[in-house]
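All chains are named by letter (A, B, ...) in the order of the sequence lines, taking the proteins before the strands, and each is independently numbered beginning at 1.
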2 protein chains.
Amino acid sequence: MFSSTYNCVFENKISILLNDLFIFVLMTKKYTIKDIAEMAGVSKGTVDRVLHNRGKVSDSAKEKITKILEEINFKPNPIAKNLKNNKIYRICILFPESHKDSYWVPCLDAITEFEENYQSLGVKTEQYRYNSSSPQSFKETALSLISTEPDAILMAPLFFNEAQAVSKLCHDKNIIISTFNNIIRKEGFSNYIGQDLFQSGRIAAKLLDTLLGQGHIAIIHVDEIVQNATHMQQKERGFKSYFEDKNSSSYKISTINLDKNLNFENEESLEAYFNNHEDINGVFVTTSKTYKIAEFKKTYQKNLKIVGYDLVDKNITLLKEGYIDFLINQNPKQQAFVGLSTLAEHLLFDKDIPKSILLPIDIINSENFQQYLE
Amino acid sequence: MFSSTYNCVFENKISILLNDLFIFVLMTKKYTIKDIAEMAGVSKGTVDRVLHNRGKVSDSAKEKITKILEEINFKPNPIAKNLKNNKIYRICILFPESHKDSYWVPCLDAITEFEENYQSLGVKTEQYRYNSSSPQSFKETALSLISTEPDAILMAPLFFNEAQAVSKLCHDKNIIISTFNNIIRKEGFSNYIGQDLFQSGRIAAKLLDTLLGQGHIAIIHVDEIVQNATHMQQKERGFKSYFEDKNSSSYKISTINLDKNLNFENEESLEAYFNNHEDINGVFVTTSKTYKIAEFKKTYQKNLKIVGYDLVDKNITLLKEGYIDFLINQNPKQQAFVGLSTLAEHLLFDKDIPKSILLPIDIINSENFQQYLE
DNA sequence: TTCGAAAATGTGCTCGAACACACAAAAAAA
DNA sequence: TTTTTTTGTGTGTTCGAGCACATTTTCGAA
């Protein structure tokens, strides 16, 4: 049975099994500070001082210890490191209320899941919610939050200017702050966890291109106030860039801004608009309000391909019924969870927080939405 | 600034900020076994016996302690728990060699990433590779691996019967074993980390349906040996089930088995076949060999929509060029990483291993593949 | 009542890193 | 030379859970 020869790649060394004999060079030692102290012929206190650059070590000892540390690539046990530190960390998470926009509901699951994993490690979360249509509400809630002096903050900022001020304030007060879902500014004080919104627009464009081949596409922004515009503008720019790169004249692209009743600023109805533009065969809805356009399509039996955003209930229903062709999943749950975890691991284990964490942009149809709901 | 009223939902209690006064009911205590012992008026030893059901505790004490544990929802600090256990765990990962099929390359990244996260916690991995076209190689490598008596095994088994035997052997030897990428059997000894292959076929069907509207679709299995068939059969069944559910006569569906030179068993060429079936307008390729069909399409300038599997280099190139319409990402990296993590967390923290972990099935087009490559 | 065994409970050490503190040796000041 | 300061080094305790072992209590049998 074992008479042939196998190779087993193992820790960059090759062990060879030959006629029942397994030549196995195995380093199972788990080095500790004490081990290193013994190897260097000093006490663990001295090793510790070298590790933390606390000084008060002779050059000869320092050199000897450093050499050993490098040789075995020593990394202190993060578990023991953390044990001594019995502080409770507070992470505050600031995001819009859900009753206006169910998009935010999955964040609650993320928080629950996070708490289950991290509460026994001494990390707590606190939720602060603000009114998604009031910059004032965002600002005030943020300030009240900051006044409690948490260890870290994770926020979904809809309002650019206010968010930037909050971010700056936290920076000055030495409170760690991360942003999710909406990016503030690349060179700002806060890092970003979420998706590449520009690319997200390009994906929508590719999908509609695949679906249509040619025609007239309407980019529709539904019921969004001016302050939230950056978000949608990035998607729109991405969308258009796809067709610019394609350099073809097969498509006409129009941009439409609608209020929550699907009316234009000048009170013109969407119905009237579509009657005047019968050539429109595709729609890109830039927010989770995609279902509003899909309901319109259903009611008036329009021949439209629709690509929009997010796995909110109404969208899923219409996706299953075939009134929405594709959804792009912004995955607020994953964003919140990754955001919280990144902060927690930084607080607990000193892991560094990357300038930005870009999560995958999921394409959803009626057959694969289930997996993303968990 | 703070004159208005805010609400802060906090640990299911509502704190109210009113005129600069923040009423804050905050539980910052991190309970330890010692705390619980004090509360119950016993020693920590007794609490420990209750926690681990080690017996030798009076009913009265047990009741009192249990009540407190439930009240504060006590969870022992996993960090301290692990500290005492200074064992080094060995997880062996068994999967095919990459030189025949680059599909497996991302698994190496998963292993690297895993090692970075878990080596300081005392978990090591060892790689064992087998020849993807030799059941004998799989069996022998598995046996040699088992003879080293690792703490856990993660394997990607291409061969149903052999895998089942290996799984059984591990079960008898009390070695924890997990399966990824290919499911063995639902009621077997091993759990499964991967995708729902049946559903994956349905997604492909929906995509082709979206792309075509009607026509003749060929399901193509390329260069796969009989033993690996379950994998593809599940996809094929899912694919067909979509159209059965749709209950429409818009499509004709054929199944084709090809060798690695894209020839039929009877040596008929694919080119000849397509000439005899000019109505074929869509293709579903059930493996990562999708590029072979796409190259065929490119060479003979066929008017075909192609949906296939996996982000291997050749597929990505043809996806970008437009010769492949959609890819379904089986995400071997994520599968391997989740598999390793699940095993490690079980070994380290006693977390339980679910019977199956179904990962999302990603739809990929030319605009969103980048995010999934990381 | 006394002894002995069994049952119940308490004590104390361990893990690895961190850090305060004690102590030594060498250097500087008296 | 003696005293003080500086610099280097070692020791011992802490964190929380787990577990071996020590100690106490209980209760039945002699």
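Across the protein-nucleic acid pair, Asn77(B) atom CG and dG16(C) atom P stand 17 Å apart, rounded to whole Å. As a whole-Å value, the separation of Glu63(B) CD from dA8(C) C1' is 16 Å. When rounded to the nearest whole Å, the span between CG of Asp35(A) and P of dG16(C) equals 8 Å. In this entry the distance linking CD1 of Ile72(A) with P of dG16(C) reads 13 Å, nearest Å.
The aromatic rings of Trp104(A) and Phe180(A) stand perpendicular to each other, their planes meeting at an angle above 60°, with 30° marking the opposite boundary.
With sequence neighbours excluded, the residues forming a salt bridge (Lys or Arg N to Asp or Glu O under 4.0 Å) with Asp172(A) are Lys168(A), listed by chain and number. By the ring pair (Phe, Tyr, Trp, His ring centres under 6.0 Å) test, Tyr130(B) pairs with Phe138(B), sequence neighbours left out. Glu113(B) is linked by a side-chain hydrogen bond (donor to acceptor under 3.5 Å, both in side chains) to Lys333(B), counting only residues two or more places apart in sequence or in another chain. Remark: Lys67(B) pairs with no residue by the salt bridge (Lys or Arg N to Asp or Glu O under 4.0 Å) rule, at least two apart or across chains. Not counting sequence neighbours, the partners of Tyr118(A) by the ring pair (Phe, Tyr, Trp, His ring centres under 6.0 Å) test are Phe114(A). With sequence neighbours excluded, no residue forms a salt bridge (Lys or Arg N to Asp or Glu O under 4.0 Å) with Lys64(B). With sequence neighbours left out, Asn73(A) forms a side-chain hydrogen bond (donor to acceptor under 3.5 Å, both in side chains) with no residue at all. Judged as a side-chain hydrogen bond (donor to acceptor under 3.5 Å, both in side chains), and not counting sequence neighbours, the contacts of Ser98(A) are Arg129(A).
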Output side-chain donor-acceptor pairs under 3.5 Å for residues 45-52 of chain B, partner residues at least two apart or in another chain, one line each.
| from | atom 1 | to | atom 2 | distance (Å) |
| --- | --- | --- | --- | --- |
| Asp48(B) | OD1 | His52(B) | ND1 | 3.3 |
| Asp48(B) | OD2 | Arg54(B) | NH2 | 2.7 |
| His52(B) | ND1 | Asp48(B) | O | 3.0 |

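Rounded to 10 degrees, the angle between the two end axes of the helix from dT1(C)-dA30(D) to dA30(C)-dT1(D) is 70°, with five pairs used at each end.
When DNA chain D is scanned in the 5' to 3' direction for atoms under 4.0 Å from non-hydrogen atoms of chain A, the outermost contacting nucleotides are dG8(D) to dG16(D).
Atoms CG and CG, from Leu143(A) and Leu169(A) in turn, are 6.5 Å apart once rounded to the nearest 0.5 Å.
Applying the 4.0 Å criterion to OP1 and OP2 of dC15(C), one finds that Thr32(A) has every side-chain N and O outside that range.
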Where protein sits on nucleotides 18-23 of chain C, one letter per nucleotide: B base, S sugar-phosphate only, - none, heavy atoms under 4.0 Å: BB----
